[in-house]
Amino acid sequence: MNFREPWPAGAEEATALQSRLRRSVTRTGPAVPEIRRLAGLDVTYSKDDDRLIAAVVVLDAATLEVQDVVVHEAKPRFPYLPGLFSFRELPPLLAALEKVDHLPDLLMCDGHGIAHPRRFGLACHLGVVTQIPTIGVAKQALIGTYEEPGPSKGDRSPLTDQGEVIGSVLRTAAQVKPVFVSIGHMMSLEVACEVTLNSTPRYRIPQPIRLADQTSRRTLKSPQTYLVSDPRPPDGYQSRPA
DNA sequence: GCGACAG
DNA sequence: ATCTTGTCGC
């Protein structure tokens with residue numbers, strides 16, 4: 001899944017592309033026991049320059065044992081605009097995914113899935129492009145209305161927009177603010193919530209995303225940790241001779 | 001027009 | 001998102 005494809009030049013093109021791609025999103029997928037490998041994805045940005053680091057952490061869905069960690073450094077190809085988030089983070093995340101040895105059965109994204117104005121957030125885009133089931137877990141709502149969920153871990157309330165349930169406001173731990181779970185592609189909301197809870201043993205943020213966040217952040221500060229292992233073509237090498 | 005607005 | 005240590009409280 002290379003991504004040197006044409007990329008939308010602005011908001012107009014990007015919005016049009018979302019409206020077209022949204023039609024291929026499906027809302028049913030694997031059951032919890034069938035999800036063996038779970039990946040968390042995140043991107044960290046530098047304040048000094050225009051570098052960004054994408055990280056993918058693959059873990060055993062049952063034990064949460066880390067199986068693989070990959071990072072990728074790149075430059076932004078699109079600005080951050082609410083509702084067009086995927087055009088900023090998709091390219092680096094796909095590049096990082098290409099470095100993973102064994103592809104996971106589920107991708108957990110730091111952002112929304114269908115809980116989006118056009119029902120096509122980052123998790124949907126990533127799922128449609130990779131054809132891997134995806135779910136979105138966001139710390140803040142983008143759209144929708146909801147009631148405060150109960151105080152215990154597992155308590156949830158529907159996130160609604162235009163009379164449609166677009167996600168769940170889920171309490172992942174007691175005494176913490178809830179997170180916003182929505183399906184990306186090839187996934188049901190019920191399974192999405194269960195997997196999220198199963199992968200959140202202690203803190204507010206699910207372990208896969210939390211580890212991806214830490215990995216990308218630490219790599220930006222100390223590149224040698226993971227970036228040294230990045231395969232790099234020799235100087236002057238032309239991967240695709242002109 | 002005003003406020004809101006994933007990361 | 002990014003700038004940032006310790007500290008207060010469950």
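Sequence lines set the chain letters: A, B, ... in the order given, protein chains first and strands last, and positions in each chain run from 1.
In DNA chain C, no stem built from three or more successive Watson-Crick or G-U pairs (distances below 3.5 Å) is found.
The shortest distance between side-chain heavy atoms of A:D105 and A:P30 does not fall below 4.5 Å. Between A:K75 and A:R51 there is a side-chain heavy-atom pair separated by less than 4.5 Å. Between A:I53 and A:Y226, the closest side-chain pair of non-hydrogen atoms is not below 4.5 Å.
For DNA chain C, the residues of residues 37-50 of chain A within the heavy-atom distance limit of 4.0 Å (strictly under) are A:T44, A:Y45, A:K47, sorted by number. If you check residues 139-170 of chain A against DNA chain B, the residues with a heavy atom closer than 4.0 Å are A:K139, A:Q140, A:A141, A:L142, listed by number. Contact check of residues 173-188 of chain A against DNA chain B (heavy atom, cut-off under 4.0 Å) returns no residues at all.
Across all their heavy atoms, A:I143 and A:P117 have their closest contact at CD1-N, 3.6 Å. What you find for A:R118 and A:S19 is that their closest heavy atoms are CD-OG, 3.8 Å.
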- Any chance you could encode DNA chain B as dot-bracket? Rule is Watson-Crick or G-U wobble with both distances under 3.5 Å; [ ] for pairs crossing earlier ones, | for another strand. .......
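Every ring pair (Phe, Tyr, Trp, His ring centres under 6.0 Å) that A:F180 has, sequence neighbours left out, goes to A:Y146. Shown here are the side chain to side chain contact (heavy atoms under 4.5 Å, CB included) partners of A:A123, two or more places apart in sequence or in another chain: A:C109, A:T134. Shown here are the side-chain hydrogen bond (donor to acceptor under 3.5 Å, both in side chains) partners of A:K139, two or more places apart in sequence or in another chain: A:D110. With sequence neighbours left out, A:R119 forms a salt bridge (Lys or Arg N to Asp or Glu O under 4.0 Å) with A:D161, A:E164. By the side chain to side chain contact (heavy atoms under 4.5 Å, CB included) test, A:E13 pairs with A:P8, A:A9, sequence neighbours left out.
At least one donor-acceptor pair closer than 3.5 Å links the side chain of A:R88 to the backbone N or O of A:F78. Formation of a donor-acceptor pair under 3.5 Å by the A:S168 side chain with backbone atoms of A:L170 is not found in this model.
Using a 4.0 Å cutoff to heavy atoms of chain A, the contacted part of DNA chain C runs 5' to 3' from C:dA1 to C:dC10. The span of DNA chain B lying next to chain A, judged by atoms under 4.0 Å from heavy atoms, is bounded 5' to 3' by B:dC5 to B:dG7.
A:G83 comes within contact range of at least one nucleobase, with a heavy-atom separation under 4.0 Å.
A perpendicular orientation is assigned to the rings of A:H125 and A:F87, their planes being inclined by more than 60° (bins at 30° and 60°).
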